[in-house]
Amino acid sequence: MKQLCLRVLILVTALGLAGCTALLPSSSAVSPSSFDSFEAAQAALEKTVPYKTTLEELKALGFDPQASANVTVIPYPEIVSRLAPYSGVALDALDPGVRDCILAQTQCKAYVYRFGRVDRQRDGNFFLDFFNIKRDVQMNGWRFEGLVVVRNGIVLFRNSAGESKLNTFEKTTNPLGPFQRSGESSDLLLR
């Protein structure tokens, strides 16, 4: 009788947890910045005016090359390959800020700012996820990348890219569940 009660309790618990997504893990990846959205970062960068905005004004807008996290300083040779990747394009055809940066050579600096937030939420059946049989992951957020070219403390050029509304869904199915990875590992051993 005691064993029957234990089995019934386990069965009721299992059925109760079978659809319980609250037990599934979730995570966030945040690239720290003073911006809370792609649009806010892009609007701040668009306030910079080439040949007028100073490095101090750029810092006040939230783009401080020394204090901001996730800033990459681009060396001069890479600036040329990023801003003028095709040698067949005449120097006159380039943006004036890009052209002046190339002519200034090592006096020109470029900074790439990467900001964003991505939230990952696992959905679906707890047991199928736990035993690695079926896993559904929903990702939402935004990613911003801003390029700023500076010479002698003055912004020469700026550009932005990224994803304003990131919304992806990953679905993984492993029919063998927890044994799926060991099967892949044994395949590597056989080679």
Side-chain angles (χ1 to χ4, degrees), residues 21 24-124 135-172:
T21 60
L24 294 174
S26 62
S27 65
S28 274
V30 178
S31 300
S33 74
S34 57
F35 307 108
D36 58 357
S37 69
F38 176 89
E39 292 78 13
Q42 188 171 27
L45 188 62
E46 287 177 358
K47 289 180 183 176
T48 61
V49 180
Y51 294 98
K52 292 185 180 176
T53 303
T54 65
L55 195 54
E56 292 304 314
E57 292 169 330
L58 187 67
K59 290 177 184 178
L61 290 170
F63 298 96
D64 188 341
Q66 281 76 36
S68 296
N70 304 311
V71 179
T72 304
V73 179
I74 308 296
Y76 173 72
E78 194 176 323
I79 292 173
V80 175
S81 67
R82 271 184 181 239
L83 300 178
Y86 307 109
S87 58
V89 176
L91 203 56
D92 307 10
L94 297 174
D95 181 275
V98 171
R99 182 177 53 242
D100 289 349
C101 177
I102 291 170
L103 293 173
Q105 296 181 356
T106 57
Q107 294 175 1
C108 185
K109 297 207 181 299
Y111 305 100
V112 176
Y113 299 86
R114 290 184 181 90
F115 307 130
R117 177 184 183 99
V118 178
D119 297 316
R120 295 173 50 92
Q121 178 65 44
R122 289 190 10 205
D123 296 320
R135 182 167 291 161
D136 299 333
V137 181
Q138 179 75 35
M139 291 185 290
N140 293 300
W142 59 277
R143 291 185 187 123
F144 174 84
E145 186 174 297
L147 171 70
V148 178
V149 177
V150 178
R151 182 191 68 202
N152 298 329
I154 303 291
V155 173
L156 298 180
F157 178 79
R158 51 105 168 112
N159 202 3
S160 65
E163 299 168 276
S164 62
K165 292 189 179 23
L166 177 65
N167 186 358
T168 48
F169 183 76
E170 291 178 1
K171 184 175 185 171
T172 307

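All values reported here derive from a predicted model rather than from experimental measurement. Residue numbers count from 1 along this sequence.
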For Lys171, salt bridge (charged side-chain N to carboxylate O under 4.0 Å, His left out) partners two or more places apart: none

Sequence neighbours excluded, every pair satisfying salt bridge (Lys or Arg N to Asp or Glu O under 4.0 Å) that has a member inside residues 64-86: Glu78-Arg82

side-chain contact (heavy atoms from CB on, under 4.5 Å) against Ser160, all qualifying residues, sequence neighbours excluded: Gln42, Leu45, Phe144

Selection residues 86-124 - residue pairs positive for disulfide (SG to SG under 2.5 Å), sequence neighbours left out: Cys101-Cys108

Residues forming a salt bridge (charged side-chain N to carboxylate O under 4.0 Å, His left out) with Arg158, sequence neighbours excluded: none

Spatial distance of atom OH (Tyr111) from atom CD1 (Ile74) [nearest 0.5 Å]: 10.5 Å

Nearest heavy-atom neighbours spanning Gln138 and Phe169: OE1-CD1, 3.2 Å

Any residue meeting ring pair (Phe, Tyr, Trp, His ring centres under 6.0 Å) with Phe35, in chain and number order, not counting sequence neighbours: Phe63, Phe115

Atom pairs and distances, side-chain donor-acceptor, residues 91-99, under 3.5 Å, sequence neighbours left out:
residue	atom	partner	partner atom	Å
Asp95	OD1	Gly97	N	2.8
Arg99	NH1	Asp92	O	3.3
Arg99	NH1	Leu94	O	3.3

Qualifying salt bridge (Lys or Arg N to Asp or Glu O under 4.0 Å) pairs with a residue from residues 45-57, counting only residues at least two apart or across chains: Glu56-Lys59

Residues that Thr72 engages under side chain to side chain donor-acceptor pair (under 3.5 Å), provided they are two or more places apart: Arg114

CG on Leu166 to CZ on Arg143, rounded to 0.5 Å: 5.0 Å

Sequence-distant partners of Glu170, side chain to side chain donor-acceptor pair (under 3.5 Å), two or more places apart: none

Donor-acceptor pairs under 3.5 angstrom involving side-chain atoms of residues 147-156: please list them, not counting sequence neighbours.
none

side-chain contact (heavy atoms from CB on, under 4.5 Å) partners for Gln105, two or more places apart: Tyr76

